[in-house]
Enquirer: 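Have a look at this one.
Chain naming here is simple, since letters A, B, ... match the order of the sequence lines and numbering starts at 1 in each. What you see below is based on every heavy atom in this structure, not just the backbone, and it leaves out hydrogens, waters and symmetry mates.
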Protein chains: 2
Amino acid sequence: MSTAARGDQAGRPVPPAELTGHLAYLLKHAQLALAELTAAALEPYPVNGRELAVLTVLAGNEPASQQQAAQRLGVDRTTMVGLIDALEDEGLVRRHADAGDRRRNVVTLTEAGRDTLHRAGEAAGAAERRFLAPLSTPDAQRLKATLLAVIEPQR
Amino acid sequence: MSTAARGDQAGRPVPPAELTGHLAYLLKHAQLALAELTAAALEPYPVNGRELAVLTVLAGNEPASQQQAAQRLGVDRTTMVGLIDALEDEGLVRRHADAGDRRRNVVTLTEAGRDTLHRAGEAAGAAERRFLAPLSTPDAQRLKATLLAVIEPQR
DNA sequence: TATTGTTATACTCTATAACTATA
DNA sequence: TATAGTTATAGAGTATAACAATA
C-alpha cells in the first residue's frame, strides 16, 4: 500500500475550487458523505438507510398499503416490493390483505420492527449528529429548514 | 390518464412529516430535484450534468491527466474512461499522450468544448437559480457555505 | 376498465479485477 | 514492481411493460 494507494477508490475528494460554487456538486457529495457515515452506523442492524426510512414511514402511518408507503417515500411501487420483501424476511414487518380492498397489502411493523426502528434510528441519528458536528446548532437547524424550503415548493 | 395516473412514477413526493427532520432524506431529495431541473436545462446541449462537471474541472486545471480529473471529481478512473469517451465522441475534448510520461493521457478542451462549457454552464446555472428561487440571496449563499463546511472536514 | 401487487427486464451509475503499455 | 489507461464484469438503484387478482 504505497503513497497513492487510495487513488484507485473514489473516497471523498477534496472539493475542487471550480465546483465549490456549484450547488449540484455540494448536494451530491454531502449526500454521499452522510450516506457513508449512516451505512457504517447501521452495520450492526438488519436494515440499511432505505429500509429504515420505510420503517419510519410505516410506523408514522399505520396501517398503510405498500403503495401509500411508496408514494410517501417517492419510490416506485415495483421498488417497494423488494424493500418490503427484505423487511419481511427479517421479520420486521408483516403483509396482510386489506379486509376492505383485497387488492391491497396492508403492511404493519412487528415488535422486532419497532425495536429495530428505535435502535437503528438512534444509530442513524448519531451519524447525522457527527456529520453536522462542524456546524453550530442553529446553523445545523437552518440547513434542514433551508433544504425543506427548497424541496417543498418544487412541485 | 386518470386521477392517479402519476402514482406509477416516483415524481417529487411531498415530504412526509416523519422524514422532514432527517437530513439524509432532505439531502437526497434536494439533490434529486435539482438533478431533474438541471437535466431538463441541459437537454439542448451535448452534455449531461456529470459531463459538464468534467469539462469544468478540466478547464480549471489544464493540462490534466484523466486520473487527475477523476480524483478531483471523486469518480473512479474506470468511470472517467467512459466520460472522456463520450466527450471525445462529441468533439469537446482531445486526448494526447503526455510527452514526459507516456502512460498518461492529457485531456484538453477543444474550441467546441469551451463553447459548450460556457453555454451549458450558463443553462445549468439558471436551473440552480430557479431551484434556489424560494430562498433569499443570503439564505442561498449560506446554504452553499454550510454544505461546503460539512463536506470539507469529513476527510 | 382501472388499480394493487408482482415479475421480468433494462438502463444508469458505480466499483473490482485483470490486462497492456509504460515507468 | 508500480502506475495510467483500458476492458470486462458485476452490483446497486431505479424505471417500464406486462400479468394476475380484485375492484
Enquirer: By nearest atom, which of the nucleotides C/dG5, C/dC13, D/dG5 is closest to the B/Val81 side chain?
Expert: D/dG5

Enquirer: Whole angstroms only, please: what is the CG-C1' distance between B/Leu32 and D/dA15?
Expert: 13 Å

Enquirer: Looking at residues at least two apart in the chain, or sitting in another chain, which of them share a salt bridge (charged side-chain N to carboxylate O under 4.0 Å, His left out) with A/Arg102?
Expert: none

Enquirer: On the nucleotide D/dT6, are OP1 or OP2 found under 4.0 Å from the side-chain N or O atoms that B/Gln66 carries?
Expert: yes

Enquirer: Using salt bridge (charged side-chain N to carboxylate O under 4.0 Å, His left out) as the criterion, list what pairs up with A/Arg50, not counting sequence neighbours.
Expert: none

Enquirer: Just the rounded figure in Å: distance from C1' of C/dT4 to CD of A/Gln71.
Expert: 11 Å

Enquirer: State which residues pass salt bridge (charged side-chain N to carboxylate O under 4.0 Å, His left out) with B/Glu88; sequence neighbours excluded, sorted by chain then number.
Expert: B/Arg95

Enquirer: Please enumerate all residues that pass side chain to side chain donor-acceptor pair (under 3.5 Å) together with B/Gln141, with sequence neighbours excluded.
Expert: none

Enquirer: At 10 degrees resolution, what angle do the end axes of the helix from C/dT1-D/dA23 to C/dA23-D/dT1 form when each is taken over five base pairs?
Expert: 10°

Enquirer: Report the residues that fulfil side chain to side chain donor-acceptor pair (under 3.5 Å) with A/His96, sequence neighbours left out, ordered by chain and then residue number.
Expert: A/Thr108

Enquirer: Would you say a side-chain N or O of A/Asn105 is under 4.0 Å from OP1 or OP2 of C/dT6?
Expert: yes

Enquirer: List for me each residue that meets side chain to side chain donor-acceptor pair (under 3.5 Å) alongside B/Glu90, sequence neighbours excluded, and say none if there are none.
Expert: none

Enquirer: Check whether any side-chain nitrogen or oxygen of B/Gln67 sits under 4.0 Å from OP1 or OP2 of D/dT3, and answer yes or no.
Expert: no

Enquirer: Would you mind telling me which residue lines up with the more 5' stretch of DNA chain C, A/Asp85 or B/Asn48, judged by nearest nucleotide?
Expert: A/Asp85

Enquirer: When the side chains of residues 51-60 of chain B are checked against the rest of the protein, which donor-acceptor pairs come out under 3.5 Å, sequence neighbours left out?
Expert:
| residue | atom | partner | partner atom | Å |
| --- | --- | --- | --- | --- |
| B/Glu51 | OE1 | B/Asn48 | N | 3.0 |
| B/Thr56 | OG1 | B/Leu52 | O | 2.8 |

Enquirer: Check the phosphate of D/dG13 against B/Lys28, side-chain N and O only, distance under 4.0 Å to OP1 or OP2. Yes or no?
Expert: no

Enquirer: Report, as a single string ordered 5' to 3', how protein heavy atoms within less than 4.0 Å touch nucleotides 17-23 of chain D: B base, S sugar-phosphate only, - not at all.
Expert: BB--BBS

Enquirer: Within the structure provided, determine whether B/Thr116 and B/Pro46 are in side-chain contact (heavy-atom separation under 4.5 Å).
Expert: yes

Enquirer: Apply side chain to side chain donor-acceptor pair (under 3.5 Å) to B/Asp115 and list each qualifying residue two or more places apart in sequence or on a separate chain.
Expert: B/Arg119

Enquirer: So which protein N/O to nucleotides 9-12 of chain C N/O distances come out below 3.5 Å?
Expert:
none

Enquirer: Tell me which pairs pass salt bridge (Lys or Arg N to Asp or Glu O under 4.0 Å) where either residue lies in residues 131-141 of chain B, with sequence neighbours left out.
Expert: B/Asp139-B/Arg142

